[in-house]
Amino acid sequence: MTVAALHEYLEQSARRYPQRCAAVEASSGRQITYGELDALSDQVRDHIRRIGVRPADRVGICLPKSIASLAVLFGILKVGAAYVPVDSLAPPARNAFIFNDCGVRAIFVEASRAETLRCELARLAAGPCLLSLDWSDSPSPLATYLARVEADGLAVEDESARPGPDNLAYVLYTSGSTGQPKGVMLTHRNGSSYVDWCSEILAPDENDRFSSHAPFHFDLSILDIFVPLKHGATVFLIGEELGKNPTRMASVIAERQLTVWYSTPSVLTLLVEHGSLDARDDHALRFILFAGEVFPVKHLRRLKAVAPRARYLNLYGPTETNVCTYYEIPQTIAEDRSAPFPIGRACSHVKARVIDANGRDVPRGQEGELAISGAPVMLGYWNMPERTSAAFHVDSSGRWYRTGDVVIEGDGGVYTFRGRRDRMVKRRGYRIELGEIETALYRHPAISEVAAIARSEESGVSIKVFYASRDGHALSLIELKRFCAHNLPAYMAPDWFSHQQLLPKTSTDKIDYQHLMRME
Amino acid sequence: MNAIQIRTMAKDFILKEFLPGERPENLTDSTELITDGILDSLATLKLVAYLEKSCGIEIAPDELVPENLNSIAQIANFVQSKQAST
């Protein structure tokens, strides 16, 4: 069942299974049927049309993960507009930058965050319409909001838009090396080609119960949202607070009989280490999917011992392509294995090759950059034509997205990840440009020089910041952490700070990162 | 265990585990631990495990919220209320 537009998955399932449960808020237990979710998102569609949102516009989402934010997302798609989700807990200035950069027409925002966001937008002279949902006075803030703003009643006006497959569906902002996030533009075809591949691999049906752990601004959410809704299954929305609480998450997995779990390895490790997942053997997991970072084999082995009946897939892909290779972890992991598993073979909906700096194919067995072409590859970066063209290699065989990931192709077309060719790192599944951390810290009035480096450790990637201060004294660690909390998303906060009188320099007077890597 | 003892114990643990090298006077009873990024989610879990062990209390998953743990003063109040109810 291939669709032209992503919201058709919901519409088709609503016709087929109007009474089935589409989504559950795992914390509160609130749920919504397919018929209700379809109707609620129709109301969102009609309301935002009335305030002037048109096809090809962008609409921001700055809401906690909830049934309301899910209905908002579909309402935006039904207008033919693209949704732009952000981390509602991220610094308001960063979110305002994103919304301004993307030129959103309107923003759905949690009431308690509306005023600070409005102030930050005003500083940028941006004035999108803020649609404020208040959880403090209603467990159904969207219905309450719609009832208030559409006091005359919302008659369903007309049909949903039928955007073409190459129309923009969502823009996901990722860390940018220049210090500001950049918007990855993804179309309906980008999303649906991936969703259809997931159908092929997972063979889901209406009895499946999917986790939705990743926030909506993270590309893992595309599987979580659209795959269950395509098949009439149920998605369990795991919000920010629950998502950090391993004991409660383990209970949700068992008590709600989830059948498909998808998250970063860090979250799975947290579940095994702190969630007493091993104390429960009553779960129904048939697939455990992970992506976003390397899964240390030690932790993966423990997880497999706890949930031996599930199939384990390592999914790999940057936001620009979403998942493009995958590897099924064997039933038994050799006792002496410590090397991480490969990222695997190309998915059936993409073509993959390994190229050198000039775009020439690299012989099998040698390191090169993984390049991807096909239906899921992004349109480009929002408003950044030069960055977009630099990200692609174009030749007679097509338009290839250069992932920046250095890989080796082994037997059977299986790729093994070897590292990055730039300063991007992945931690807890999030992409982090070390330059964005440095840019944020340079804004601190007492700091004169900053360099951030990443180290791979057994527990994952850690980020260390070296800095020099204007008065030569070390800053309070509390002050540094506080400054980061207010200027960077939580996932970018450095793990370590080290004060230096001056940072080491190369002969060309640049910061000597190689020297810093050797320090300690 | 009185409030002062709990505060001292929590402060010493946070300084030692998560703020190596920090001057103790910079960590006050009202320093915002979670909202100011001093404790991330993993650090919060470690702190909770420590409090459970050293104060002889059991903290339910639902109680792992910033309202209970966002400052040393809040931690002391929370631990005392747990001790009183056991």
Side-chain angles (χ1 to χ4, degrees), chain A residues 26-28 89-91 239-252 255 264 266-267 269-276 427-428 430 437 440-441 459-460 462-464 473-499, chain B residues 7-8 10-55 57-76 78 82:
Chain A
S27 302
S28 68
L89 304 176
E240 178 79 17
E241 211 164 88
L242 175 58
K244 287 182 185 162
N245 193 318
T247 313
R248 286 184 58 209
M249 274 194 290
S251 302
V252 168
E255 285 158 20
T264 60
S266 307
V267 173
T269 301
L270 196 66
L271 276 167
V272 177
E273 298 281 318
H274 297 274
S276 316
R427 186 171 60 156
R428 294 177 216 150
Y430 284 97
I437 295 174
L441 282 164
S459 55
S462 74
I463 292 171
K464 180 158 191 171
H473 296 300
L475 274 72
S476 149
L477 192 50
I478 292 173
E479 161 60 17
L480 285 166
K481 287 186 174 221
R482 183 182 289 137
F483 185 81
C484 288
H486 292 277
N487 288 278
L488 287 168
Y491 66 83
M492 282 197 206
D495 300 289
W496 303 98
F497 291 89
S498 172
H499 174 255
Chain B
R7 286 178 193 209
T8 308
K11 181 170 174 168
D12 289 349
F13 180 77
I14 293 167
L15 283 169
K16 180 167 148 275
E17 291 290 319
F18 311 118
L19 295 168
E22 179 63 87
R23 299 220 306 257
E25 61 269 29
N26 287 340
L27 180 63
T28 68
D29 286 351
S30 60
T31 301
E32 293 182 23
L33 300 171
I34 295 172
T35 44
D36 272 353
I38 315 290
L39 301 181
D40 63 13
S41 48
L42 200 57
T44 309
L45 290 171
K46 284 184 185 166
L47 172 68
V48 164
Y50 173 74
L51 293 173
E52 288 187 319
K53 197 164 158 230
S54 22
C55 304
I57 54 171
E58 208 164 301
I59 299 175
D62 291 341
E63 293 169 329
L64 295 183
V65 289
E67 297 83 76
N68 292 333
L69 302 164
N70 201 26
S71 68
I72 288 173
Q74 282 167 305
I75 291 169
F78 173 61
K82 293 294 292 184

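First the proteins, then the strands, lettered A, B, ... as listed; each starts at 1.
Only the side chain of A:Leu270 comes within contact range of chain B, judged by heavy atoms closer than 4.5 Å. Heavy atoms closer than 4.5 Å to chain A are found in the backbone of B:Thr35, but not in its side chain. Looking at B:Asn26, both its backbone and its side chain come within 4.5 Å of chain A, counting heavy atoms on both sides. Interface residue B:Leu45: only side-chain heavy atoms are found under 4.5 Å from chain A.
Using a 4.5 Å heavy-atom cutoff, the side chains of A:Met492 and A:Tyr430 are not in contact. No side-chain heavy atom of A:Thr247 sits under 4.5 Å from any side-chain heavy atom of A:His274. In this structure, the side chains of A:Ile463 and A:Ile437 come closer than 4.5 Å at one or more pairs of heavy atoms. Side chains of B:Leu64 and B:Ser41 form no contact here, defined as non-hydrogen atoms less than 4.5 Å apart.
Among B:Gly37, B:Ala60, B:Pro66, the residue making the largest number of heavy-atom pairs under 4.5 Å with chain A is B:Gly37. Comparing B:Leu42, B:Asp62, B:Val65 by how many heavy-atom pairs each has under 4.5 Å with chain A, the most go to B:Asp62.
Under 4.0 Å is where a charged nitrogen must lie from a carboxylate oxygen, and between A:Lys481 and A:Asp495 no such pair does.
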